[in-house]
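Each chain gets a letter, A, B and so on, in the order its sequence line appears, and its residues count up from 1.
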There are 4 protein chains.
Amino acid sequence: MSLTVKSKVEVPELIERRRGQIIAAAIELFAKNGYHVTTIRDIAKRADVSIGTIYQYVSDKEDVLFLALIEVLDSYQRHVPAAIASVSEPLARFHAAVKAYCAVNDAMIGATVLAYRETKSLPKMRRKLIQEKELATNRLIAACINDCVAAGLFEEVDVELFTYQIVMFAHAWALKAWRFRPMMTLDDYLARGIRLMLNPKLTPRGKKAFAKLND
Amino acid sequence: MSLTVKSKVEVPELIERRRGQIIAAAIELFAKNGYHVTTIRDIAKRADVSIGTIYQYVSDKEDVLFLALIEVLDSYQRHVPAAIASVSEPLARFHAAVKAYCAVNDAMIGATVLAYRETKSLPKMRRKLIQEKELATNRLIAACINDCVAAGLFEEVDVELFTYQIVMFAHAWALKAWRFRPMMTLDDYLARGIRLMLNPKLTPRGKKAFAKLND
Amino acid sequence: MSLTVKSKVEVPELIERRRGQIIAAAIELFAKNGYHVTTIRDIAKRADVSIGTIYQYVSDKEDVLFLALIEVLDSYQRHVPAAIASVSEPLARFHAAVKAYCAVNDAMIGATVLAYRETKSLPKMRRKLIQEKELATNRLIAACINDCVAAGLFEEVDVELFTYQIVMFAHAWALKAWRFRPMMTLDDYLARGIRLMLNPKLTPRGKKAFAKLND
Amino acid sequence: MSLTVKSKVEVPELIERRRGQIIAAAIELFAKNGYHVTTIRDIAKRADVSIGTIYQYVSDKEDVLFLALIEVLDSYQRHVPAAIASVSEPLARFHAAVKAYCAVNDAMIGATVLAYRETKSLPKMRRKLIQEKELATNRLIAACINDCVAAGLFEEVDVELFTYQIVMFAHAWALKAWRFRPMMTLDDYLARGIRLMLNPKLTPRGKKAFAKLND
DNA sequence: GATGAATGAGCGTTCATTCAT
DNA sequence: GATGAATGAACGCTCATTCAT
């Protein structure tokens, strides 16, 4: 029940269109100023609708946040598959997926930060749904990794953590934009990141030292 | 000017003690409920001081957030050096540093999330100061990496990105606690993460394929 | 002007039918929840018409209240004469009238309370009209009393106040339903009330004492 | 719990004074314009306090209504005993009690009407408390009646209904002020009412007819 | 004649901040 | 130096009313 958003208007295409306006404005403002600082009046003005109209399509402000976060997470989920659809070679698919995921994050840096900032403002059930959507996107990455392993291109690898390494790498571009943006382009970031994640770090001597450390 | 917090009380030891109470309460409440949801009243009650007293040591609510975030970032900065002070072997130092950084994050998950959620609520100058403190902590990690490279234990590596990989790995334990906590212990997480980050992922065949990809 | 309710629709039978629906729903909801708490939306839903339709037959919400109160008062006025039409003996007529008036109040307790609660929400002119309808009903009772006096069945009596005593007795069954309903049936209430109102209270000694008191 | 009103201020004499201001203003405005039409801003202005101050002493608007109704009911309860305290002769006490009760109603006609209009706006538990206060006042009247019966001044009488007859008589002066005020003074009303309620209405012939009616 | 999406004035309420004590 | 009662701007939200279809 609390996972669906009630509308006083029943016409589906109207709901879609109006909510589209409202949520787009909300994402923009939430991303820039934060959820609590943004007022319904701000959103109404930005979306070019009246306050009353917002409340025709949504029960309260929290609904707007919920819909905004869903939209953000869904947009990840839409872009990654599209980017890898035409690529079949496993390593190329992996690369395309990581690239696409970084690109989405780059295109909506504010939205990614928003998800980190405000998911906690949601009640537990709704937060869980957002998290499930994150996991669904993660699975797209994990599948690419598994394919590479199956194709003998990757060593046996800790898929769960490797997936998160990639996810955090992509998110870091948004979360630490203040650091990376002035230093490099997204393409540089991607190339350097891929190299970092795929190549060994330990020298043969380092390997031995590491083995001893773990005794 | 905006980088220092004004106090109406002048006695330094009083400032230290009172602010200590106030900021400890604030971190706790901000971490649990968020900055905007927490009221000055809440903080006063939790810190067992009056509302008026808070305003003797701070100009406004934002000052409290600023001091709280400084305290959080400083506490990272204090713990990591302490953990590696007695370790001299480079790889062991590296390992101890990562472990310590993860441990701090584990000990104050709420505070780490708080930093991600609310740094943006600060004006630019203050945000920069917080970011500089983050960079200072990062440099501790980077130094350990450089030492390992210098000692011939690590291959030449992209230090900037490797550092962030480690930082994000530690933060992920807090940011994605909903995912990791039910799956594994911090020790497991650390061991699996270290292995993932230090070992190669590409097979020889994978290496060739990767090289071709980058032509 | 303000005593008539404007309609945008001109067909009389349509006005009658639609207003019938609307007012019935309004009385029900006003009685249960009060005038201000009830919304036009509520009434529209209950009456199974659209909001727009209500405004075709009525200028504003206050018109609905006005029509609702008129309907309530008129319904008293319709029921009492019907109940005494076939009774000719004065005392029996009196008894039948009181009984009928109590019965109407019992049948629509909510409506009686509504009249007491919300008549004041009407502008002066309209309130006066409602009051005039109350007086018209009172006159039905007063006529019965006068007939009994004329027939030598009642002593000379203060008709104005006796009438109101009966009216308040009937209304009290609705206004103090929380008290009377759990204690007795309407028939008991009526029997005990009639006995109380018609019989003497003072003993001979009491009469003397009372006379002395008024010197 | 819902029967007590929470205050953010703890000093009892301050609570008493401030609530006194607020409730006096509220009774005045609720009586004149009704509960729902009166705004917190109106009350604040009338009470010469800020909006915020009202919410220091009360949790919400409904609390104000609750306190207002309690004050009204309590004021009945205070005045009636005071008026009969010095009178010992039973019939004189009865007369003084009725007179006092009517006088209180006359002094605060708006408040009496308010109680009739808005008690229903309270949640069940609070409504019950108000009703209990009404019953407590009724018992004062009932006691006077019983004393008169015990003293052999009144015939055996239906005390419950006689009490309500008197209560409704007093309330009617307020509820039907639009009718009585222009016709007579309160003293006339009282004298005529007492006479009506204490004297017999049936003639000997009427008594016989009445007996026959009840066969 | 019927509809219901759109509107925005205005409500109840909160809470950072001040300042007299 | 410490207190907390007082303040009022500004928030989220409602709902009577309108009008294009």
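Between F/dC13, F/dT3, E/dC15, one nucleotide has an atom nearer to the side chain of A/Tyr55 than all others, and that is F/dC13. For B/Gln56, the listed nucleotide lying nearest its side chain is F/dA2; candidates were F/dA2, F/dA5, E/dA6. Side chain of C/Tyr57, nearest nucleotide from F/dG4, E/dA2, F/dA5: E/dA2. For C/Leu14, the side-chain atoms get nearest to E/dG1 when compared with the rest of E/dG1, E/dT13, F/dA6. Looking at the side chain of A/Val9, the nearest of the listed nucleotides F/dG1, E/dA5, E/dG1 is E/dA5.
D/Lys61 forms a cation-pi arrangement with D/Tyr35, by the criterion of a distance under 6.0 Å to the ring centre and an angle within 45° of the ring axis. Judged by a 6.0 Å distance limit and a 45° cone about the ring axis, D/Arg19 is not positioned over the six-membered ring of D/Tyr57.
Not a single donor-acceptor contact under 3.5 angstrom links the side-chain atoms of D/Arg41 to the base of E/dG10.
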Any chance you could lay out the side chain to side chain contact (heavy atoms under 4.5 Å, CB included) test for C/Arg18 and C/Gln21, step after step, and finish with the verdict? CA-CA 5 Å; C/Arg18 291 301 204 189; C/Gln21 282 177 272; 3.2 Å; yes
Going through the checks in order, is the side chain to side chain contact (heavy atoms under 4.5 Å, CB included) test met by C/Phe30 and C/Val64? CA-CA 10 Å; C/Phe30 289 166; C/Val64 179; 4.0 Å; yes
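One atom, CD of C/Gln21, and another, C1' of E/dA2, lie 12 Å apart when rounded to the nearest Å. Distance CD1 (B/Ile43) to P (E/dC15): 12 Å, rounded to an integer number of Å. Between the P atom of F/dC13 and the CD atom of A/Glu62 lies a distance of 9 Å, rounded to the nearest Å. Note: CD (C/Glu16) to P (E/dG1) measures 16 Å, nearest angstrom. Rounded to a whole Å, the CG atom of A/Asp42 is 7 Å from the P atom of F/dC11. Per the geometry, CG belonging to B/Asn33 stands 17 Å off P belonging to E/dT14, to the nearest Å. The distance between atom NZ of D/Lys8 and atom P of E/dT13, rounded to the nearest whole Å, is 11 Å. Atom P of nucleotide E/dT17 and atom CD1 of B/Ile22 are separated by 14 Å, given to the nearest angstrom.
Nucleotides of DNA chain F nearest to B/Gly52 and A/Tyr35 differ in position, and the one nearer the 5' end is that of B/Gly52. DNA chain F is contacted by both D/Ser50 and C/Lys61; D/Ser50 maps to the nucleotide lying nearer its 5′ end (nearest heavy atom per residue). In this structure, D/Ile40 and A/Arg17 both approach DNA chain E, and ranking their closest nucleotides by distance from the 5' end singles out A/Arg17.
Residue B/Thr38 is classed as a sugar-phosphate contact, given heavy-atom separations below 4.0 Å to backbone atoms only. Backbone-only contact: C/Glu10 has heavy atoms under 4.0 Å from sugar-phosphate atoms and none from a base. Residue contacts shown for C/Thr53 include a base, since a base heavy atom lies under 4.0 Å away. Residue A/Ile51 is in base contact, counting any heavy-atom pair closer than 4.0 Å across all strands shown. Contact annotation for D/Arg18: backbone-only contact, meaning every heavy-atom pair under 4.0 Å involves sugar-phosphate atoms and none involves a base.
Across all strands shown, F/dT14 forms a Watson-Crick or G-U wobble pair, both distances under 3.5 Å, with E/dA9. Partner assigned to E/dT21 is F/dA2, using Watson-Crick or G-U wobble distances below 3.5 angstrom. Judged by Watson-Crick or G-U wobble contacts below 3.5 Å, the nucleotide F/dA9 has E/dT14 as its partner.
For D/Asp42 and D/Lys32, the salt-bridge test fails: no basic side-chain N is under 4.0 Å from an acidic carboxylate O.
Between the side chains of D/Glu118 and D/Ser121, at least one donor-acceptor pair of N or O atoms lies under 3.5 Å.
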